[in-house]
Amino acid sequence: MFIAVLTVCGTTSFASCSSNEDNATKQSNGKVAEIIERGTIIFGTTGDYRPLSFCEPDGTYWGFGIEVANEIAKRLGVTPTFKKTSWPTLTADVLTEPQLFDLAIGGITITDARRETMLMSEGYLANGKTILCRASEADRYKSLADIDKPEVTVMVNPGGLNEKFANEKLTHAKIVVHPKNEEIPTLVAEGAADVMITEITEAPYYVKTDTRLVAPLLNAPFTHGEIGVLMQKGQDDLLQMVNNIIQQMKSDGTLRKLHEKYGLIYAYD
């Protein structure tokens with residue numbers, strides 16, 4: 001199986017492993033063999049979620065999740081390609097036939113609902129729901145109850161778990177859905193909304209880059225979860241390969257270094 005090849009070869013790419021051809025023949029109907037034969041691995045990503053996945057106007061992608069994707073491609077011995085998806089269309093884009101991409105990566109939380117219809121890798125980043133607000137109002141929000149008031153306007157991006165969380169937990173606040181996730185922090189800073197529902201993975205970036213914003217509940221998130229890689233069911237060889245590489249990255253220190261680079265909490269000791 002490919003998982004054994006990865007374990008033996010370590011960080012050496014599949015292309016340079018002497019057993020590659022034999023394994024590809026045995027797995028001729030597998031997703032991993034298809035990717036190796038193609039020479040590229042296609043990642044779907046939203047490109048709107050700093051610092052995990054962001055697409056610049058020139059089409060360049062960067063972020064923590066993008067670097068994890070690049071590492072997966074490197075260890076598999078293929079070239080990474082990125083294709084734009086969105087939070088509202090993420091599930092449909094993963095499940096569509098013919099496939100738009102091999103797997104999805106970025107800020108995708110592992111949930112039971114997603115696992116019912118798709119495959120998700122083990123986690124490579126801890127996350128949880130928190131808020132961004134204006135620095136001048138940092139003392140105003142000390143709990144979820146402080147946010148869930150008629151006079152508070154909460155802004156979320158459409159189609160993802162942030163919108164779902166807001167609709168389920170904030171029954172009194174005014175909820176505004178804004179189509180572009182990356183624009184919401186600035187809108188909050190400028191007063192178009194009071195609070196942004198976000199993640200502990202995203203909030204520190206905006207606090208660091210915009211002094212008008214704070215994340216007063218960063219150390220007490222409303223939820224606890226992990227972010228993983230998403231793919232179609234039936235691609236168990238691909239899931240096994242991704243999980244093996246994530247384990248390698250944890251054990252060889254690569255994942256920790258990426259956490260440190262992006263100022264993210266490492267939770268895998």
Side-chain angles (χ1 to χ4, degrees), residues 46-54 63 65 85-93 106-117 125-227 230 263-265 267:
T46 61
D48 66 348
Y49 193 176
R50 299 181 180 99
L52 303 189
S53 166
F54 193 77
T85 183
S86 69
W87 296 112
T89 65
L90 178 62
T91 297
D93 287 351
I108 305 170
T109 301
I110 300 169
T111 67
D112 291 338
R114 283 178 172 145
R115 279 179 163 161
E116 285 179 4
T117 57
L125 176 63
N127 74 338
K129 299 296 176 198
T130 192
I131 64 166
L132 281 173
C133 68
R134 288 181 291 282
S136 60
E137 298 187 339
D139 294 335
R140 182 180 176 184
Y141 307 110
K142 297 180 180 179
S143 68
L144 199 59
D146 293 334
I147 302 164
D148 191 23
K149 295 181 178 179
E151 62 269 25
V152 177
T153 299
V154 177
M155 192 170 283
V156 294
N157 60 305
L161 295 182
N162 290 338
E163 182 183 14
K164 181 181 179 184
F165 176 87
N167 287 332
E168 290 179 353
K169 302 296 183 181
L170 304 175
T171 57
H172 300 95
K174 179 183 178 181
I175 298 173
V176 175
V177 179
H178 186 76
K180 294 186 177 181
N181 183 71
E182 68 270 25
E183 294 178 351
I184 298 176
T186 299
L187 291 171
V188 170
E190 293 175 347
D194 301 305
V195 167
M196 175 187 185
I197 299 296
T198 180
E199 303 277 359
I200 61 173
T201 50
E202 183 180 39
Y205 174 85
Y206 288 103
V207 171
K208 183 179 179 180
T209 56
D210 191 335
T211 57
R212 298 173 296 175
L213 296 170
V214 292
L217 303 174
L218 186 64
N219 295 321
F222 306 126
T223 63
H224 298 273
E226 288 186 282
I227 285 171
L230 186 65
L264 300 169
I265 298 170

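Here, residue 1 is the first one in the sequence, and each next residue gets the next number. Remember, predicted model here, so these are calculated numbers, not experimental data.
Contact between I200 and P221 at its shortest, heavy atoms only, is CG2-CB, 3.9 Å. Across all non-hydrogen atoms, the minimal contact from T201 to A126 is CG2-O, 3.4 Å. Of all heavy-atom pairs between V188 and V195, the closest is CG2-C, 4.0 Å. In plain terms, the two heavy atoms of V152 and I147 that are nearest each other are CB-O, 3.3 Å. Minimum heavy-atom separation, R134 to A189: CD-O, 3.7 Å. The two residues L52 and L125 have their closest heavy-atom pair at CD2-CD2, 3.7 Å.
In this structure, CZ on R50 lies 14.0 Å from NZ on K208, to the nearest 0.5 angstrom. Note that the OG atom of S143 and the CG atom of D148 stand 9.5 Å from one another [nearest 0.5 Å]. A distance of 7.5 Å separates CD1 in I108 from OG1 in T46, rounded to the nearest 0.5 Å. With rounding to the nearest 0.5 Å, the separation of CD in E199 from CG in L218 is 11.5 Å. Once rounded to the nearest 0.5 Å, the distance linking CG of L213 with OG1 of T186 reads 7.5 Å.
A salt bridge is absent between K174 and D194; no separation between the charged side-chain nitrogens and carboxylate oxygens falls under 4.0 Å.
Atom CG of L144 has more than 12 neighbouring heavy atoms from other residues, nucleotides or ligands inside a 6.0 Å radius.
Qualifying salt bridge (charged side-chain N to carboxylate O under 4.0 Å, His left out) partners for R115, counting only residues two or more places apart in sequence or in other chains: none. Shown here are the side-chain contact (heavy atoms from CB on, under 4.5 Å) partners of V214, two or more places apart in sequence or in another chain: C133, A135, A138, P216. Applying the salt bridge (charged side-chain N to carboxylate O under 4.0 Å, His left out) rule to D146 yields no partners; only residues at least two apart in sequence or on another chain are considered. Residues passing the salt bridge (charged side-chain N to carboxylate O under 4.0 Å, His left out) test with R114, sequence neighbours excluded: none.
Under the 4.5 Å side-chain criterion, counting only non-hydrogen atoms from C-beta, E202 is in contact with Y49. Proximity of T130 to T198: side-chain heavy atoms (C-beta onward) are separated by under 4.5 Å at one or more points. M196 places a side-chain heavy atom less than 4.5 Å from the side chain of N181. Contact of the L90 side chain with the L230 side chain is registered, since non-hydrogen atoms from C-beta on lie closer than 4.5 Å.
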Assess the residue pair T109 and N127 against the criterion (side-chain hydrogen bond (donor to acceptor under 3.5 Å, both in side chains)); give the C-alpha distance rounded to whole Å, side-chain angles, the decisive distance to 0.1 Å, and a yes or no.
CA-CA 8 Å; T109 301; N127 74 338; 2.9 Å; yes

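With I197 as the fixed residue, the side chain to side chain contact (heavy atoms under 4.5 Å, CB included) test singles out one of L170, I184, L132: L170.
Checked by atom type, the side-chain pair D48/S53 shows no donor-acceptor distance below 3.5 Å. The closest side-chain donor-acceptor pair between D93 and T85 falls under 3.5 angstrom.
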Show me the donor-acceptor pairs within less than 3.5 Å that the side chains of residues 153-167 make with the rest of the protein, sequence neighbours left out.
from, atom 1, to, atom 2, distance (Å)
N157, OD1, N162, ND2, 3.3
N162, OD1, K129, NZ, 2.5
E163, OE1, G159, N, 2.6
N167, ND2, E163, O, 3.3

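Counting only residues at least two apart or in different chains, ring pair (Phe, Tyr, Trp, His ring centres under 6.0 Å) contacts with residues 171-217 are absent.
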